[in-house]
Amino acid sequence: MTSAPVALPGLPDGITAGRFLEGFHFMLLARTLEDKIAALYHSGKITGGVYLGRGQEAFSAALAVCLRQGHDIFAPLIRDQAGRMAFGEDILDTARTYLGSVKGPMKGRDGNIHRGRPDKGMPAMISHLGAMISVVCGMLKARQFRGISDTVGATCIGDGGTSTGAFHEALNLAAVEKLPLVVAIANNQFAYSTATDRQYACKDLVDRAIGYGAEGYSVDGTDLAACLAVFDKAVTRARTGHGPQMVVGNLLRLCGHGAHDDGSYIPETIKSTPLGQDCLKLARQKMIDHRWATHSELEAMEAAAAEAVQQAVAQAQRDPAPDPAAETWQPLASRWLLETDHPTT
Amino acid sequence: MSITYLEAIREAQTRALQENPDVFIYGQDIAGFGGAFKATKHLARDFPGRVLDSPISEDAMMGFAIGAAIEGMRPIVEMQFADFSSIAFNQIINQAATHYWRTGIPCPLVVRLPSGGTAGSGPFHSQSMESLYAHYPGLIVLTPATVGDAYWMLLEAIEINDPVIFCEHKFLYYHLKAGALPTVEERLPIGKARITRHGKHASVVTYSAMVHEALRAADELARLGYEIEVVDLRSIKPLDTDTVLASVARTGRLLVVGEAFPYGGVTAEVIARVTAEGFHLLDAPPKRLNARDTPIPYHPNLWAAHRPTAATITEALRELLGF
Ligand SMILES: Cc1ncc(C[n+]2csc(CCOP(=O)(O)OP(=O)(O)O)c2C)c(N)n1
């Protein structure tokens, strides 16, 4: 890889080419993995839903590369494969959860995007949109109770998720407690099939920030450099005691809601706007243009990503599936409170 | 010295805050004001920074407690009234209750629900929600009926490594007094029902405030020569089926009483278990008595006729004894 100097044309202040490359690496890895996951779904090898982050990789990865692994908290949502990887999630965790391996973090008890490792600062999302934000608030408060004051908690949501009561309650709570929370709103113009004009009536979602007492930013979500700059600022502001930060990324979901959905309701007129550009292609081109990487270096990166994905998927496919007879069927940590000795329970 | 049910709850929280630095309390108006019922009176003063006022955001309050719990804290959430926990329902049943199962990381927290009816409280400040929560795997649901249980079960609940729904009855807050708290040796662990009164002619299986109505009914029937056994479930989930079956084995007759609405629920569950596992023990069809299947009325006259009382329990028992 060409080693790049610190300040370069084409990059905002404070963002190094190394950072950019790091972000690109996770975007590429996520896209490669998700393309494979989608292919497996279409060939009938995955049971249940598949939700892709196509078009959102820059926004998601940029947030996570600004966080400190092992110290900060990151609660990803539906379309954050790139952010998950940038926060250190093992590619095998993804493959195993999608393919139903008993060795995955969820052991077959939950699937697809509903995975995490809370003990590593990555809670496992529940489906109910908006519900993770207050959980991150509580995790942050716990750190403060323990005397740790410089943890940042970040979480992601879509434009549709901002309409929930949970979103509102949690942002308000975060601001009241002045918590170091960063909320990344990927405004991908659609919530499943619903366009934003049936979702909210404010001019721009970022205008909500001031109403909560949070600091708000709007960014072109297709531009990795811009995303890195805005998250770098938001994470730093949160970490230095300025309370919750809300970042709205404007972009387009470049796929259906899930792999089952062809997204045919997304009009061509929006696909051809700047929102519809592919962030991965833009980032790749930028590296070529600025000579941060050569074609052959990029091709090597792509080959390496494909190889890593192939290995993880092959491993997960070799893994045993969960066995109902070996499953404990115990939903309580307090074993002695389980009722196991009555046929009616 | 005497202590009320409410004071026992406050004492338990005081002790938990003293003994365990991971405990904190979160709820509406609970800090300086001491809570709508004063269950946290002076606690914010005595434990600065650990008794926190929340915004009116039950969903976020629960999510906040869950986040803290999975990081190893031991939050207690006070809902101002059980009824408002409906706003937190999602976080309780989908986030807290599934967390250990899904991730292997425990979610130790207590949700205190001021439950049940009092005169004049109406449809939205009177509900008994234990059956709803008990329906979901991954939750412990407790319904203390005595001062001693309010104290010890709350302390035990805080130590449990799972989410606990603690249904404390508002009617008992000030009405119920005890001379002193039971000692640790005298306490009954969570998961065990108590035979509050021994009898041989019929069993009344009940919990929370209805235990006291059932005891009055038993007094009434004692004058006619009947010995009624009263079983206090104490814990709705887990449910002590063995103690219930043993009681039915002694009496052959079963009445199950609950203050909640009739459809499904605790009383139906107890009867389902007894008929499935102890059909041969029954000398009469099991009966149950619940609140009526309408919202809870405001006016005291209507309210008194809505929920089971000593009089209606007595009547139901007479029918059962006459079978
Ligand atoms: C509370 C809730 N209601 C409904 C759903 C079903 N659902 C899942 S994703 C989705 C659309 C989400 O849209 P948005 O928040 O914009 O995120 P995007 O999918 O566009 O990334 C819906 C309706 C849900 N998960 N949670």
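Within every chain, numbering begins at 1; the chains are lettered A, B, ... in the order of the sequence lines, protein sequences first and strands thereafter. Since this is a predicted model, take the numbers as computed values, not measurements.
Interface remark: A:E327 contributes side-chain atoms only to the contact with chain B (heavy atom separation under 4.5 Å). At a 4.5 Å heavy-atom cutoff, the contact between A:D110 and chain B is made by side-chain atoms alone. With a 4.5 angstrom heavy-atom cutoff, B:M61 touches chain A only via backbone atoms. Of the two parts of B:L239, the backbone and the side chain both hold a non-hydrogen atom closer than 4.5 Å to a non-hydrogen atom of chain A. Neither the backbone nor the side chain of A:R117 has a heavy atom closer than 4.5 Å to any heavy atom of chain B. Interface residue A:H114: backbone and side-chain heavy atoms are both found under 4.5 Å from chain B. For B:Q91, the part sitting under 4.5 Å from any heavy atom of chain A is the side chain, from C-beta outward, and nothing else. When heavy atoms are compared at a cutoff of 4.5 Å, B:P55 approaches chain A solely by way of its side chain, counted from C-beta outward. Neither the backbone nor the side chain of B:D240 comes within less than 4.5 Å of any heavy atom of chain A.
Atom CD1 in B:I158 sits 9.5 Å away from atom CZ in B:R74 (nearest 0.5 Å).
Residue with the most contacts toward chain A among B:Q95, B:K237, B:M73: B:Q95 (heavy-atom pairs, distance under 4.5 Å). For chain B, the option among A:C137, A:P118, A:G121, A:P105 with the highest count of heavy-atom pairs below 4.5 Å is A:P118. Ranked by heavy-atom pairs under 4.5 Å with chain A, the list B:T103, B:N161, B:N94, B:I105 is led by B:N94. For the options A:A170, A:G165, A:S127, A:A124, heavy-atom pairs under 4.5 Å to chain B are most numerous at A:A124.
Salt bridge present: B:R194 and B:D149 bring a charged side-chain N and a carboxylate O closer than 4.0 Å. Between A:D93 and A:R115, no side-chain nitrogen of the basic residue sits less than 4.0 Å from a carboxylate oxygen of the acidic one, so the salt-bridge criterion is not met.
Using a 30° and 60° split on the angle between ring planes, A:Y192 and A:H257 fall in the parallel class, below 30°.
Looking at A:S163 and A:Q199, their side chains do bring a donor and an acceptor atom within 3.5 Å of each other. A donor-acceptor contact under 3.5 angstrom links the side chains of A:T94 and A:Q81, judged on distance only. Defined by atom type and a distance below 3.5 Å, a donor-acceptor pair is present between the side-chain atoms of B:Y151 and B:R15.
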Distance-only donor-acceptor hits, side chain of residues 131-144 of chain B, under 3.5 Å, sequence neighbours excluded:
| from | atom 1 | to | atom 2 | distance (Å) |
| --- | --- | --- | --- | --- |
| B:S131 | OG | B:V266 | N | 3.2 |
| B:Y133 | OH | B:S85 | O | 3.3 |
| B:Y133 | OH | B:S85 | OG | 2.6 |
| B:T143 | OG1 | B:R234 | O | 3.2 |

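A donor-acceptor contact shorter than 3.5 Å is absent between the side chain of B:R102 and the backbone of A:G116.
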